[in-house]
Engineer: 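First the structure, which I've put down as structure tokens, then a few questions once you've had a look.
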Amino acid sequence: MSLLKTIFKNKKSNQNTPLCIPKHIAFIMDGNGRWAKRRSMPREYGHSKGAEVFRRVIRYCGDIGVEHITVYAFSTENWKRPESEVNAIMKLLSNFMDEAFADLEKEKVRVVFLGSKAPFSDELREKMEKLEKDSSIYKRILNVAFNYGGRDEIVNACNELIADGVTNVTSELIDSKLYTCLSPDPDLIVRTAGEYRISNFLLWQSAYSEFYFTDKLWPDITSEDVDKAIASYSRRERRFGAVSPSTETVK
Ligand code: FPP
């Protein structure tokens with residue numbers, strides 16, 4: 001775990017500053033299709049490699065002390081893809097859950113699915129619900145956004161508040177009804193494959209998130225790339241709309 005021991009120079013103060021491990025990292029795992037195409041392979045092959053990398057990355061993030069991880073695995077718009085590709089991703093989800101059940105005591109992570117489970121087969125939905133229930137004793141959280149859309153999430157939260165009879169909506173009330181209500185807002189959002197878009201991901205929660213983009217395709221991502229994202233994050237000054245102490249002293 002070289003990352004935790006790594007110290008880098010803070011350019012501003014010229015002091016040694018330790019890396020800052022984000023409490024919550026979210027990943028937009030993009031580029032599986034292009035990765036496969038470059039190898040003249042079907043897109044499903046890219047997703048299968050992407051699923052392996054997903055497992056490696058979440059394990060690494062857990063090892064270095066990230067308490068909340070969110071991955072964008074299937075959006076509300078991804079249903080528009082060819083049936084064979086959609087079926088392949090459903091199968092990968094099912095395989096992931098089988099492994100997660102087997103490794104529950106070793107991994108000690110609470111799995112939460114973000115999104116409505118209504119469109120899934122009974123078998124898949126029951127497996128998702130069982131995994132959420134069986135893993136709910138653990139503190140560390142893995143949010144798997146599956147059939148997820150940020151707008152859908154906000155609309156769903158509002159409808160739940162209306163159903164509860166709420167007449168005065170607050171930020172905190174919306175927070176409490178989001179699919180991510182067990183996690184703090186993401187500190188860092190990583191998007192791969194050279195795209196600079198949010199793509200309907202964590203629209204509410206990303207208000208003050210830091211973003212890290214890399215041209216590397218998701219199946220090529222390694223723990224060193226996670227280190228680079230965290231090193232970049234550690235150099236950022238997060239002001240949350242306020243001014244920095246150094247700015248205040250400048251007349
Ligand atoms: C985006 O790449 C990726 C997806 C829509 C699917 C992500 C799925 C996985 C990483 C594997 C499954 C994970 C779980 C948890 C089951 P893209 O297909 O849009 O790539 P492209 O932009 O190169 O076409």
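All values below come from the heavy atoms of this structure, side chains included, with hydrogens, waters and symmetry mates left out.
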Engineer: Any donor-acceptor pair under 3.5 Å linking the side chain of E132 with the backbone of F113?
Structural biologist: yes

Engineer: For side-chain contact (heavy atoms from CB on, under 4.5 Å), just list the numbers for Q205 and H24, CA-CA rounded to whole Å, side-chain angles, deciding distance to a tenth of an Å, and then say yes or no.
Structural biologist: CA-CA 11 Å; Q205 302 88 331; H24 183 177; over 6 Å; no

Engineer: Assign the ring pair Y148 / F201 to parallel, tilted or perpendicular, where the plane angle (0 to 90°) is split at 30° and 60°.
Structural biologist: perpendicular

Engineer: Treat each ILVMFWY residue as a node, draw an edge where side-chain heavy atoms are under 4.5 Å apart, and state whether F146 and V111 are in one component.
Structural biologist: yes

Engineer: Look at the side chain of T180 and the backbone N and O of S183, then say whether any donor-acceptor pair between them is shorter than 3.5 Å.
Structural biologist: no

Engineer: In Å and rounded to the nearest 0.5 Å, what is the CG to CG distance from D227 to L19?
Structural biologist: 8.0 Å

Engineer: Quick one: do W218 and F54 satisfy ring-ring contact (aromatic ring centres under 6.0 Å, His included)? Show the steps, please.
Structural biologist: CA-CA 9 Å; W218 177 258; F54 149 75; 7.8 Å; no

Engineer: Would you kindly say whether W204 and D185 are connected by a side-chain donor-acceptor distance under 3.5 Å?
Structural biologist: no

Engineer: Return the CD1 to OG distance between I198 and S206, rounded to the nearest 0.5 Å.
Structural biologist: 4.0 Å

Engineer: So which heavy atom on A36 is nearest to which on R43, and how close?
Structural biologist: CB-CA, 4.0 Å

Engineer: Of D98, D134, D122, which meets salt bridge (Lys or Arg N to Asp or Glu O under 4.0 Å) against K127?
Structural biologist: D98

Engineer: Check Y138 against R110 and note the closest heavy-atom contact, atom names and distance.
Structural biologist: O-CB, 3.4 Å

Engineer: Give a yes or no answer on whether the side chain of K108 reaches the backbone of E105 with a donor-acceptor pair at less than 3.5 Å.
Structural biologist: yes

Engineer: Does a donor on one side chain and an acceptor on the other come within less than 3.5 Å for S116 and D152?
Structural biologist: no

Engineer: To the nearest 0.5 angstrom, please state how far the CG atom of L142 sits from the CZ atom of R55.
Structural biologist: 11.5 Å

Engineer: Indicate if V226 and Y212 have the same hydrophobic cluster label, given that clusters are the connected sets of ILVMFWY residues with side-chain heavy-atom separations under 4.5 angstrom.
Structural biologist: yes

Engineer: Would N87 and S84 count as having a side-chain donor-acceptor pair, cut-off 3.5 Å?
Structural biologist: no

Engineer: Does S234 reach the main-chain N or O of C20 with its side chain, forming a donor-acceptor pair under 3.5 Å?
Structural biologist: yes

Engineer: For L202 versus P186, what's the shortest heavy-atom pair and its separation?
Structural biologist: CD1-CG, 3.8 Å

Engineer: Provide the closest heavy-atom pair for G50 versus N32 in the form atom of the first, atom of the second, distance.
Structural biologist: CA-OD1, 3.9 Å

Engineer: Testing the basics here: between G46 and P219, what is the closest heavy-atom pair and its distance to 0.1 Å?
Structural biologist: O-CG, 4.0 Å

Engineer: Can you measure from CE (M29) to NE2 (H47) and round to the nearest 0.5 angstrom?
Structural biologist: 10.0 Å

Engineer: Within the distance-only criterion (no hydrogens, no angle test), does the side chain of R140 pair as donor or acceptor with the backbone N or O of I69 below 3.5 angstrom?
Structural biologist: no

Engineer: Does T192 reach the main-chain N or O of D30 with its side chain, forming a donor-acceptor pair under 3.5 Å?
Structural biologist: yes

Engineer: Kindly determine whether I230 and I25 satisfy side-chain contact (heavy atoms from CB on, under 4.5 Å), including the steps that lead there.
Structural biologist: CA-CA 9 Å; I230 293 177; I25 306 187; 4.0 Å; yes

Engineer: Would you say the side chain of E195 lies within less than 4.5 Å of the side chain of I28, judging by non-hydrogen atoms?
Structural biologist: no

Engineer: If you measure from OG on S223 to CZ on R59, what distance do you get to the nearest 0.5 Å?
Structural biologist: 12.5 Å

Engineer: Is there a chain of hydrophobic side chains (I, L, V, M, F, W, Y, each step under 4.5 Å between heavy atoms) that links V169 to L178?
Structural biologist: yes

Engineer: Can you tell me if R34 uses its side chain to pair, donor with acceptor, with the backbone of A193 under 3.5 Å?
Structural biologist: yes

Engineer: Under 3.5 Å, is there a donor-acceptor pair between the E224 and T222 side chains?
Structural biologist: yes

Engineer: Would F240 and Y208 count as a close aromatic pair, with their ring centres under 6.0 Å?
Structural biologist: yes

Engineer: How many angstroms lie between atom OG of S136 and atom CG of L131, to the nearest 0.5 angstrom?
Structural biologist: 10.0 Å

Engineer: Would you call the rings of F120 and W79 parallel, tilted or perpendicular, taking 30° and 60° as the class edges?
Structural biologist: tilted

Engineer: Please answer whether the main-chain N or O of A100 pairs with a side-chain N or O of E107 as donor and acceptor at a distance below 3.5 Å.
Structural biologist: no

Engineer: Counting C-beta onward and ignoring hydrogens, is there a side-chain heavy-atom pair between I58 and V109 closer than 4.5 Å?
Structural biologist: no

Engineer: Would E129 and K117 pass as an ion pair if we require N to O under 4.0 Å?
Structural biologist: no

Engineer: The test is side-chain contact (heavy atoms from CB on, under 4.5 Å); show your working for N156 and K177 and say whether it passes.
Structural biologist: CA-CA 8 Å; N156 182 66; K177 296 293 187 184; over 6 Å; no

Engineer: Take R191 and S199 through the test side-chain contact (heavy atoms from CB on, under 4.5 Å) and record every step on the way to the result.
Structural biologist: CA-CA 10 Å; R191 180 164 192 159; S199 299; 2.8 Å; yes

Engineer: Does F211 CZ have over 12 foreign heavy atoms under 6.0 Å away?
Structural biologist: yes

Engineer: What I want to check is whether the side chains of N78 and Y72 have a donor and an acceptor closer together than 3.5 Å.
Structural biologist: no

Engineer: Closest approach of N143 and I141, non-hydrogen atoms and distance?
Structural biologist: OD1-CG2, 3.5 Å

Engineer: State plainly whether one hydrophobic cluster holds both I89 and M128, where clusters connect Ile, Leu, Val, Met, Phe, Trp and Tyr through side-chain heavy atoms under 4.5 angstrom apart.
Structural biologist: yes

Engineer: Are I189 and V66 joined in one hydrophobic group, where the rule is that I, L, V, M, F, W and Y side chains link up if heavy atoms are under 4.5 Å apart?
Structural biologist: no

Engineer: Cation over ring, R38 on W35, under 6.0 Å and within 45°?
Structural biologist: no

Engineer: Would you say S232's side chain and K228's backbone share a donor-acceptor pair under 3.5 angstrom?
Structural biologist: no

Engineer: Is a side-chain N or O of R151 found less than 3.5 angstrom from the main chain of N200, in a donor-acceptor match?
Structural biologist: no

